[in-house]
Amino acid sequence: MNRLIEKVTLSKLDGSYIKLLNHLEKQTLIILDDFGLQPLSQEIRLTLLQLLEDRYGKKSIIITSQLPIAKWYEYINDPTLADAIMDRLTANANRIELKGESRRRKKSGNS
């Protein structure tokens with residue numbers, strides 16, 4: 001997610017935003033990792049909506065987050081865009097909720 005935000009911001013500055021959207025649209029799978037870690041600007045919210053719209057029913061997107069889905073609407077922080085984004089995210093979605101300890105932490109006794 002951080003990389004997407006950086007790329008969108010830079011592409012807006014250098015005039016390559018449409019080229020970036022076209023590139024993302026062609027990808028078979030997009031993975032947005034760590035959704036919800038940093039605030040979304042209006043341009044990122046609009047880009048996310050466009051990305052989801054371009055892929056809806058055609059190509060896959062995986063979103064990972066430590067933020068509970070119940071808080072995503074509040075995180076998006078724009079009622080109209082949150083409705084549109086969440087609608088596209090949840091219609092046809094497969095939701096997997098993981099519980100337990102982090103897989104990155106080493107367990108004691110394992111060296």
Side-chain angles (χ1 to χ4, degrees):
M1 194 66 196
N2 291 337
R3 183 70 55 107
L4 175 67
I5 291 170
E6 290 171 6
K7 285 185 177 197
V8 168
T9 302
L10 288 174
S11 71
K12 288 281 193 169
L13 292 172
D14 70 12
S16 64
Y17 179 70
I18 298 300
K19 184 178 178 181
L20 174 64
L21 285 180
N22 290 335
H23 173 75
L24 291 172
E25 185 179 7
K26 293 176 186 174
Q27 304 310 304
T28 305
L29 171 66
I30 292 177
I31 300 172
L32 298 178
D33 191 22
D34 289 331
F35 183 79
L37 287 186
Q38 71 182 76
L40 297 177
S41 67
Q42 185 68 3
E43 73 181 14
I44 300 302
R45 286 189 284 265
L46 290 169
T47 298
L48 182 59
L49 178 59
Q50 185 65 54
L51 184 63
L52 293 168
E53 183 65 29
D54 288 347
R55 303 182 74 72
Y56 186 79
K58 297 179 230 170
K59 296 190 177 173
S60 298
I61 188 164
I62 295 174
I63 299 177
T64 68
S65 180
Q66 292 184 29
L67 185 67
I69 291 175
K71 298 204 179 239
W72 286 16
Y73 188 91
E74 180 183 331
Y75 166 69
I76 295 168
N77 197 28
D78 178 309
T80 304
L81 287 176
D83 282 341
I85 289 169
M86 293 304 292
D87 180 56
R88 284 157 184 82
L89 281 175
T90 57
N92 300 333
N94 293 309
R95 181 177 163 192
I96 301 169
E97 191 169 332
L98 303 176
K99 297 181 189 224
E101 291 293 318
S102 170
R103 303 286 292 166
R104 292 183 178 159
R105 291 187 190 138
K106 289 186 178 183
K107 295 183 179 185
S108 61
N110 291 346
S111 298

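Basis for what follows: all heavy atoms, side chains included, without hydrogens, waters or symmetry-related copies.
The line from CG of Leu21 to OG of Ser11 is 7.0 Å long, rounded to the nearest 0.5 Å. The distance from the CD1 atom of Ile85 to the CD1 atom of Ile76 is 4.5 Å, given to the nearest 0.5 Å. Rounding to the nearest 0.5 angstrom, the gap separating the OH atom in Tyr17 from the NZ atom in Lys12 is 4.5 Å. Of the inter-residue distances, the one linking Leu4 atom CG with Leu48 atom CG reads 7.5 Å to the nearest 0.5 angstrom. Atom CG of residue Leu10 and atom CD1 of residue Ile5 lie 12.0 Å apart, to the nearest 0.5 angstrom. A distance of 12.5 Å separates CG of Leu51 from CG of Leu46, quoted to the nearest 0.5 Å.
Residues that satisfy the salt bridge (charged side-chain N to carboxylate O under 4.0 Å, His left out) test with Arg88, not counting sequence neighbours, are Glu53. Every residue two or more places apart in sequence or in another chain that forms a side chain to side chain donor-acceptor pair (under 3.5 Å) with Thr64 is listed here: Asp33. Judged as a side chain to side chain donor-acceptor pair (under 3.5 Å), and not counting sequence neighbours, the contacts of Ser16 are Asp14. With sequence neighbours excluded, the residues forming a side chain to side chain donor-acceptor pair (under 3.5 Å) with Glu97 are Arg95, listed by chain and number. With sequence neighbours excluded, the residues forming a side chain to side chain contact (heavy atoms under 4.5 Å, CB included) with Leu37 are Asp34, listed by chain and number. Residues satisfying the side chain to side chain donor-acceptor pair (under 3.5 Å) test with Gln38, not counting sequence neighbours, are none. Annotation: side chain to side chain contact (heavy atoms under 4.5 Å, CB included) contacts of Lys7 (sequence neighbours excluded): Arg3, Leu20.
Between Gln42 and Leu81, the shortest heavy-atom distance links the atoms NE2-CD1, 3.5 Å. For the pair Arg45 and Leu40, the tightest heavy-atom approach, listed with the atom from each and the gap, is NH1-O, 2.7 Å. Among all heavy-atom pairs drawn from Ile30 and Gln27, the shortest one is CG1-CB, 4.1 Å. Taking each heavy atom of Thr28 and Arg55 in turn, the nearest pair found is O-NH2, 3.1 Å. Across every non-hydrogen atom of Ala84 and Leu49, the tightest pair is CB-CD1, 3.7 Å. When all heavy atoms are compared, the tightest approach of Gln50 to Asp54 is NE2-OD1, 2.7 Å.
The number of heavy atoms from other shown groups lying within 6.0 Å of CD1 (Ile96) does not exceed 12.
The list of side-chain hydrogen bond (donor to acceptor under 3.5 Å, both in side chains) pairs with a residue in residues 68-78, not counting sequence neighbours, reads Tyr73-Asp83.
Without hydrogens or angle criteria, Lys59 side chain to Lys26 main chain gives a donor-acceptor distance under 3.5 Å.
Between the side chains of Asn2 and Glu6, no donor-acceptor pair is found at a separation under 3.5 Å.
Listed by chain and number, the hydrophobic cluster partners of Leu29 are Ile31, Ile62, where partners are ILVMFWY side chains within reach of under 4.5 Å, directly or through others.
One hydrophobic cluster, built from ILVMFWY side chains closer than 4.5 Å, cannot hold both Ile61 and Tyr56; they sit in different ones.
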